[in-house]
Amino acid sequence: MVTVVLVGIVCCVIVWTFVPPVVVFPWFALASALLLGLGVVWSVLGLIGWFGFRSLCITTIAPAVVLVTAALVMLSVPSTVAFAVSKPSLVAASAQCVQSWNDHWIGVYRVWRVQPVDGGCLFYIEGGLIDSIGLAYLPDGAPRLGKPRRDGDIGYEHYNGDWYRFVQRF
């Protein structure tokens, strides 16, 4: 049961890393490594449980949790739900779009910078590895879709309606 609880905690961390528009890579890498280690522990304990105690039911819980986590991540459920929950707050903030360097929460996103741009607003969200990431409200469309071409450049990808994900190359 300890393995199941630990796998559940690690899987929750993995789901949490997929809440921002771009995965929080350091936490994801750490949680994935822990999950691999727990997989080895589960394998050993599972074999002991199967052959020593004829206990199959409990040993199937951990893989089921991992499969559910993988399905949620592959279907983009964490980021979709996070955006749906946060959209009213983001819309209200984008209507005013006051430039800010204050670390604050907008919906479920931890926003560390708000920047007005021509025809919209950029919300820099905590995450990314080296590059800055976030959500952009651009009702007139993004200036250019695609990856950033050089340092300091912003690359946009359509997300939902007038909203775009962006990556600003470091």
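Everything numeric in this text was worked out from a predicted model, so none of it was measured.
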Side chain to side chain donor-acceptor pair (under 3.5 Å) filter on Arg110, not counting sequence neighbours, yields Asp103
Taking Phe170's backbone N and O only, do any of them form a donor-acceptor pair with Asp131's side chain (distance below 3.5 Å, no angle check)?
yes
In short, ring pair (Phe, Tyr, Trp, His ring centres under 6.0 Å) pairs touching residues 74-96 with sequence neighbours left out are Phe83-Tyr159, Phe83-Trp163
For Ile9, the other hydrophobic cluster members (4.5 Å side-chain criterion, sorted by chain and number) are Val5
| task | Specify whether Trp101 and Trp112 have parallel, tilted or perpendicular ring planes, treating 30° as the upper limit for parallel and 60° as the lower limit for perpendicular. | result | tilted
Looking only at heavy atoms, the pair that brings Phe166 and Ile154 closest together is CB-CG2, 3.7 Å
Contacts of Asn102 meeting side-chain contact (heavy atoms from CB on, under 4.5 Å) (sequence neighbours excluded), chain-then-number -> Ser100, His104
Residue pairs meeting disulfide (SG to SG under 2.5 Å), one or both in residues 133-170, sequence neighbours left out, come to none
Residues pairing under side-chain hydrogen bond (donor to acceptor under 3.5 Å, both in side chains) where one sits in residues 75-92, two or more places apart or in two chains, turn out to be none
Residue set satisfying side-chain contact (heavy atoms from CB on, under 4.5 Å) with Val77, at least two apart, ordered chain then number -> Leu72, Leu75, Val81
For Leu138, the side-chain contact (heavy atoms from CB on, under 4.5 Å) test, sequence neighbours excluded, returns Val117, Ala136, Ala142, Pro143, Tyr156, Tyr164
Salt bridge (Lys or Arg N to Asp or Glu O under 4.0 Å) filter on Arg144, not counting sequence neighbours, yields Asp153
Across all chains, not counting sequence neighbours, the side chain to side chain donor-acceptor pair (under 3.5 Å) partners of Arg149 are none
Residues at least two apart in sequence or cross-chain that pass side chain to side chain donor-acceptor pair (under 3.5 Å) with Tyr124, listed by chain then number, are Gln115, Gln168
Quick note, disulfide (SG to SG under 2.5 Å) partners involving residues 76-123, not counting sequence neighbours, are Cys97-Cys121
